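For the numbers below, each heavy atom of this structure counts, side chains included, while hydrogens, waters and symmetry mates do not. In this text, all values refer to a predicted model and were calculated from it rather than measured experimentally. Per chain, numbering begins at 1; letters A, B, ... match sequence-line order.
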Amino acid sequence: VGGTKNILLRLDSELAERLGAVAQVEGRPVSGVVRDAIARYVDERRQDPEFRRQLRDSLSRHADVLRLLADDE
Amino acid sequence: MRGLDLAGFVALAAEVSEVEPIKLIELLDTNGVEELLAGAQVPLLPHEAAATLLVGTIALNPLPTGSHRLAVLAAAHLLAVNGLGADLDPDATRELLAGVAAGRVDVASVTAWLDPLVSALDPLEGELRRRLSADAWRAIGLADLRADRHGRREATPADLLMGLFREGTGPAARALGSDGQAMALTGHSARPQVPQRVPAFTGETRKVLELAFRVATEQGHRQIGGGHLLLGVLDGGHAGVLPDGLDAAHVRRRALDLLPPEDESDLAGRLARIASRLRTVDPGAAAELEEVADLQRISLDRIVEIIRAWRGEILLDAVAADPVVHRLLGAGRLDTEPADALQQRLLAKYLADIADQTQLTDDQERELAESICADSTSRRAAEGRRRLVESNLHLVVTIARTYHPSGVPLLQLIQAGNVGLMRAAEHFDPSKGDRFRTSAISWIRRSILEAVSPPPD
């Protein structure tokens, strides 16, 4: 666990060009733009009402086992 | 079945670890996670996918603290997005996870453990609600009505079965012989639509719904219809609630026959998934099956030939257990010709090994011939002869098959043929202008005939 991971990303050329253009305009490395995009995608998911409801249900359904496991850590 | 994607997994990891997603993305072995998520997809059944995710997450140990909680949450979430849930006993779960972490408990054991614990969520929601067909909803409406009439707050499997029986239009009614006797849905919409009120089910009925979900997943069906529900009732051990005079085995067969045709488009994908399911049980067999799955260009007959070679082994069982694959490959074809397992296994291995060898083009052969002509004793010439041999291994298999009725094992014929092929390569003289294949055929035949002929007294 930990450290920085290299990810091989296959993109079609058009998307890669757009990604390069965004990075150039913003003056940032492409990898940073990709990381931000993924993080934004994850944030969107976290705010999705259905995801939140299912997560809430899972957390309450399995509250006891999750508490037990947290105690072990 | 819906799987879990990277965004969902990272969002769950963020929930457990309280680390921001952007940091998590740097922290996580994203490739490992992607591979794990890809392995927990259809055609695995939901409880199998959840077990795969649970074990895989613990093995990956993606968080400094909280990987066990993430594993539980990811498995639970995968079930939840499919309208399913599991009743996990906290102490038993903790003990099981410790066993997984210590390498004592594998995916198959976790799957078996999870199997009876998974059922449909109540009330019906999300994915399950979306996937139920109109006839299934009609039957559920009637089941709810029947439960209500009998003063039950929750519908039992018997209520559901009677709902299917009285629904009168769908495949379940046809399997039960009650088609054409549709009952009015008093108190429900006249049209077969999702009821306004979500019916409540007993635990047993929720298990039946989950089993119906499994049947649909196994069959490659998007929609869960009355036929799947009927099979769920029977698979759930409720055959006793069938009306008098109906034989459970007969109804089951009829219900299976009446299911819609399976999706044939993804045989390679299904084989790959079976391989992923097998990986922890028998890595060698899984690797071989993955190779077959890769060979999308090869014919069904070829796949049957290779798979049949694993007769009696775990792999054949695993392949036959997937109804779609089994039907696509032809149950009859898989069940014929008992043969010596070792011979067959070696043959399959050999066929898989040479599967990538392709016939040389005319230009490539000419080029090789020139290199051999230039100096027949040079290393280049030797390399050219080797390539001639390799590119004609399939030719040997084809010729050997024609001698197979002789009773000599095919692999032995192929070996003899390969000796002939090597002799042909040694004697090949491009300057005579013959194509290699032409002269090789007679060398291969001669060599095989020697193997087939009884030795002189």
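More than 12 heavy atoms of other shown residues, nucleotides or ligands fall within 6.0 angstrom of atom CD in B:Q223. Within 6.0 Å of CZ on A:R28 lie more than 12 heavy atoms contributed by other residues, nucleotides or ligands. Residue-environment remark: CD (A:E26) exceeds the threshold of 12 foreign heavy atoms within 6.0 Å.
Nearest heavy-atom pair across A:A39 and B:I25 is N-CD1, 3.5 Å. Of all heavy-atom pairs between A:Q54 and B:A80, the closest is NE2-O, 3.6 Å. Summarising the geometry of B:A11 relative to A:R45, their closest heavy-atom pair is CB-CG, 4.3 Å, with the distance given to 0.1 Å.
Each of A:L69, A:L68, A:L66 was scored for a side-chain contact (heavy atoms from CB on, under 4.5 Å) with B:P90, with one residue passing: A:L68.
Interface remark: A:D48 contributes no atoms to any contact with chain B (heavy atom separation under 4.5 Å). Looking at A:E50, the atoms closer than 4.5 Å to chain B (heavy atoms on both sides) all sit in the side chain, from C-beta outward. Using a 4.5 Å cut-off between heavy atoms, B:V16 does not touch chain A at all. Only the side chain of B:L97 comes within contact range of chain A, judged by heavy atoms closer than 4.5 Å. Contacts of B:V10 with chain A are made by both backbone and side-chain atoms, with heavy-atom separations under 4.5 Å.
Proximity of B:D5 to A:Y41: side-chain heavy atoms (C-beta onward) are separated by under 4.5 Å at one or more points. With contacts defined as side-chain heavy-atom distances shorter than 4.5 Å, the pair B:H68/A:D72 does not qualify. At least one side-chain heavy atom of A:F51 sits less than 4.5 Å from a side-chain heavy atom of B:L12. Here the side chains of A:L59 and B:E15 are in contact, with some heavy-atom distance below 4.5 Å.
Of the listed residues (A:E44, A:H62, A:R40), the greatest number of heavy-atom pairs within a distance under 4.5 Å of chain B belongs to A:H62. Residue with the most contacts toward chain A among B:D89, B:L73, B:L79: B:L73 (heavy-atom pairs, distance under 4.5 Å). When each of A:D43, A:D64, A:L55 is checked for heavy-atom pairs under 4.5 Å with chain B, A:L55 comes out on top. Listed options B:S67, B:G66, B:A92 were ranked by heavy-atom pairs under 4.5 angstrom with chain A; first place goes to B:G66.
Proximity of a side-chain donor or acceptor of A:R61 to a complementary backbone N or O of B:A86 within less than 3.5 Å is detected.
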